[in-house]
Amino acid sequence: MSERDDEEREFDIKWADTAEHKEPSARARMLAARWKDNPPGPVPFRGEPEHRASRRSSSSWVSTAVVLGCVAAVIVFLGYVNFRPY
């Protein structure tokens, strides 16, 4: 093919948007096949929140305190090493 044929066959987004038929995505085809025999039930716009345990428990506060304590200890140690008279 010549370069001129390639230029004539160039496709752009306008050409794709004006197509009469658009093939559904792979996910849409998969869901359509799955729901053909077993359609999903109605779901409210925002479902009821599930009761979950609090993400922040006493152990997370303890681990935070340990990490901050270690950081403070390293800072104090490095300060002591740098300012110690020889």
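All values below were derived from every heavy atom in this structure, side-chain atoms included, with hydrogens, water molecules and symmetry-related copies excluded.
Applying the side chain to side chain donor-acceptor pair (under 3.5 Å) rule to pairs touching residues 23-32 yields Glu23-Arg29, sequence neighbours excluded. Each salt bridge (charged side-chain N to carboxylate O under 4.0 Å, His left out) pair with one or both residues in residues 32-43, not counting sequence neighbours, would appear here, but there are none.
Residues Met30 and Trp35 fall within the same hydrophobic cluster, defined by Ile, Leu, Val, Met, Phe, Trp and Tyr side chains chained together at heavy-atom separations under 4.5 Å.
Grouping Ile, Leu, Val, Met, Phe, Trp and Tyr residues whose side-chain heavy atoms lie under 4.5 Å apart, directly or via other members, leaves Val76 alone, with no other cluster members.
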